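So that the names make sense, note that chain A is the first sequence line, chain B the second, and so on, each numbered from 1. All heavy atoms count here, side chains included; hydrogens, waters and symmetry mates do not. Values in this document were obtained by computation on a predicted structure and should not be read as measured data.
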Amino acid sequence: MIDGRHDCLVGIDGGAGGRTGRRSTGGQADARPARGLQGSVVNETAELAIVGAGPAGMSAAVAAREHGIDTLVLDEQTAPGGQIYRNVETVTAGRPNTARVLGEDYVAGAAIVRAFRECGARYSPRTSVWEVSTVARRADEAAPLELGILQGGVARLVRAHCVIVAAGARERAAPVPGALLPGVMGVGGAQSLLKSSGLVPDAPAVIAGSGPLVYLVACQLARAGAPVRAVLLTMSPGRFRRAAGALPQALAMPGELRKGLGWRRALAGRGVKVMHASDLAIIGDERVEAVRFFHRGRERSMDASLVLLHEGVIPNAHLTLAAQLDHVRDERQHGFRPAVDEWGETSERGLLAAGDCAHVLGAQAAVDSGRLAALEAAYRLGRIDSRRRDALAKPHRASLERRRRFQEFLDFAFEPGAAVLRPSDPAVTVCRCEEVTIAEIESVIARGCPGPDQAKAFTRCGMGPCQGRMCATVVSGIFAGRRGAGTGADAGIGTRTGAGVDVDTVGHYRIRPPVKPITVGELAALEGAGPAREMVRAPGHPRAGRRLV
Amino acid sequence: MFRRLPDPAAIVTFDFEGATFDACEGDSVAAALLANGVLAFRTTPVSGTPRGPWCLIGECHECLVEIDGEPNRQACMIEVRADMRVRRQHGARMVAGWREE
């Protein structure tokens, strides 16, 4: 039970001694113990708890504080900003070269962070949220939602009247041959290194994929003098030209459109090759050595030490999926997201989602949707009436609507191709953690496996440490593409239409809490955890007698 | 493989498999290793092949290393500290304390 194959959601406690100071302890929010259900101790309560301190979470907090709401913000990072404004305080305060390379849109995030710092919300950095649950609803009407959090190695429970999940987005996996080699990383990952540590590639790098971030990061790295050998565009050739048909949508935000066209010009001006590529493969033994691809029907290859991939971003929905809220699949963005109303409220009362985790629309829209969610929370908490709420919402609705229209253009222009959504190379590994190939997924489909959740049991796909974050959309896509030809109840659907069943029908892995790494010891030390805690206290156990909460 | 833009930053040193590495204050362990030319952070439990960080935001779990004797730590989510001892994680992580029972 201790080999890595069984390395499930929960890590086993790491060691008997030397744990003290092992994790950076963030400033802990003031704990206000209150006795809750079943004798368990809730370590903290808040009127509004916000998960994530990116643009959506920060703006929601600022808006909530404007209405006097007792607000607690929980975030994994060491400083506010989310991924888009990661480390922006440090960079703007004393890293002029990094600020210059990242550009003014990034630097502008410092103002949002400042407003958040000054808003009076309780802010808990270095804190992961491993569960949001509604178990408390029946008993505690004042604070019916419960969050499981981990902070400095201590697991605690937070109870709140309203919760806004603003967990952002993550890069979609690119199921490319060779993508598992050291030296291959996400374009967003490389940008994250630039923001946090001022690191830029110093060896031949190839950027490949689709989406605005490809152009933006290519420009930033070129500006920093990094040896970017080429930008390979993986969307189907002509797609961008055909996107001219979506020009009315593009003109919803002419400034954004100009910015995008400016990136293309800037790359040309710096002599960075931008070319269409299909059938991309990354070559190397122990690390990246080259990329191979087809361009205009001819096979090409290019030496590279780093390959940065990007196929758009998808909502970070693990927390809401684990809470078993209703989710929908976005047909344009090919990702699953929680179903929300016009305020961001999910299928669970008082539980809202804002920013990219509810719909990938970028930072400005995240500010708007964060504020809308906070207005709804203020209404629910009796701070404002519905008329005032609606009046305050107006400018944010208008701004969101413009962005939604512009996003339609982006989604069309940069839609990932079939090679990404329904990859067919049998040798490609889809599940990085458990090393499950497309051939293995196809084999269980052929034997009648009805869906991704069942494929977990057959192959262990999606059951490693990342909990399916990297493979879920790909595995669902493979099922959608192939299941029609299988022997299950749906046999024939795909053969008739030639397209298989749709991904909506296939669904997503069932995600279960805890959705962030937490050790058994940490969980068991949670007050009120019952028998599990006794287990940890058994004589001889490394944690015996230790009390964490 | 990576170089650092010439901005001022305080230096901290840490131990990687017996070697002393420089890092900048505020670096994640992952950034610090990449800045020192380390691309492969672990070998996988299933096939033993080398892997390095992919997402650098705590999602992919490809950057798992051993920090101060504790396995399965996400290098991209943990700030490097002076005198930290970091090792690659080879195959399945061991459970410290297991043999005591």
Side-chain angles (χ1 to χ4, degrees), chain A residues 2-5 7 11-16 18-19 22-24 76 78 83 87 90-91 94-98 101 170-171 180-186 188-190 192-194 196-203 224 286-287 305-306 316 432-435 464-466 469-470 517 540-542, chain B residues 1-9 23-28 30-32 34-35 37-42 44-47 49-62 64 66-74 76-79 81 89 91-98 100-101:
Chain A
I2 52 164
D3 75 300
R5 295 287 289 186
D7 194 11
I12 309 293
D13 191 0
R19 292 181 58 88
R22 160 178 74 78
R23 291 196 186 155
S24 45
E76 275 184 328
T78 54
Q83 300 308 337
N87 207 29
T90 304
V91 169
R95 296 188 181 175
N97 289 299
T98 306
V101 163
R170 62 170 176 270
E171 293 186 276
L180 307 184
L181 286 168
V184 182
M185 50 184 77
S192 169
L193 290 171
L194 172 57
S196 64
S197 297
L199 293 180
V200 293
D202 195 19
E286 297 270 291
R287 60 198 287 175
S305 302
L306 288 171
N316 211 347
R432 290 169 164 259
C433 302
E434 296 290 339
E435 297 179 68
C466 92
R469 285 172 168 85
M470 301 304 293
H541 189 278
Chain B
M1 202 60 56
F2 286 90
R3 71 181 166 86
R4 216 181 276 270
L5 294 174
D7 284 322
C24 286
E25 212 172 69
D27 278 355
S28 65
L34 289 168
V38 178
L39 280 182
F41 284 30
R42 65 179 187 119
T44 63
V46 181
S47 66
T49 52
R51 294 279 177 86
W54 194 86
C55 77
L56 292 149
I57 62 169
E59 298 289 323
C60 75
H61 291 67
E62 288 285 25
L64 297 177
E66 187 184 301
I67 297 179
D68 291 336
E70 188 174 355
N72 261 2
R73 305 308 313 276
Q74 289 179 275
C76 73
M77 298 298 287
I78 296 167
E79 238 179 287
R81 300 264 178 230
Q89 181 164 312
R93 82 282 178 273
M94 295 301 292
V95 178
W98 180 263
E100 292 171 18
E101 302 203 10

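We find the CG-CG distance between L194(A) and L5(B) to be 6.0 Å, quoted to the nearest 0.5 Å. Taking CD of E59(B) as the start and CZ of R469(A) as the end, the distance is 5.0 Å to the nearest 0.5 Å. Summarising the geometry, atom SG belonging to C24(B) is positioned 6.5 Å from atom CZ belonging to R95(A); distances are rounded to the nearest 0.5 Å. Put simply, SG on C433(A) and CZ on R51(B) are 8.0 Å apart, with the number rounded to the nearest 0.5 Å. Here the CZ atom belonging to R4(B) is positioned 10.0 Å from the CG atom belonging to L193(A), to the nearest 0.5 angstrom.
Every residue two or more places apart in sequence or in another chain that forms a side-chain hydrogen bond (donor to acceptor under 3.5 Å, both in side chains) with T98(A) is listed here: D7(B). Taking the side chain to side chain contact (heavy atoms under 4.5 Å, CB included) definition, one finds that E76(A) meets it with S128(A), K516(A), M77(B), sequence neighbours left out.
For the set M1(B), R3(B), H61(B), the count of heavy-atom pairs under 4.5 angstrom toward chain A peaks at R3(B). The most heavy-atom pairs under 4.5 Å with chain A, out of A23(B), G91(B), P50(B), C55(B), come from P50(B). Across G188(A), P96(A), A190(A), S305(A), the residue that shares the most heavy-atom pairs under 4.5 angstrom with chain B is P96(A).
Closest approach of G183(A) to L39(B), counting heavy atoms only: CA-CD1, 4.0 Å.
The shortest distance between side-chain heavy atoms of T78(A) and E79(B) falls below 4.5 Å. A 4.5 Å side-chain heavy-atom check between E435(A) and T49(B) finds at least one atom pair inside the cut-off.
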message = Does W54(B) form a side-chain contact (heavy atoms from CB on, under 4.5 Å) with V184(A)? I'd like the steps, not just the answer.
response = CA-CA 7 Å; W54(B) 194 86; V184(A) 182; 4.2 Å; yes
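The parts of R432(A) that come within reach of chain B are both its backbone and its side chain, each placing non-hydrogen atoms under 4.5 angstrom from that chain. For Q74(B), the part sitting under 4.5 Å from any heavy atom of chain A is the side chain, from C-beta outward, and nothing else. At a 4.5 Å heavy-atom cutoff, the contact between S197(A) and chain B is made by backbone and side-chain atoms alike.
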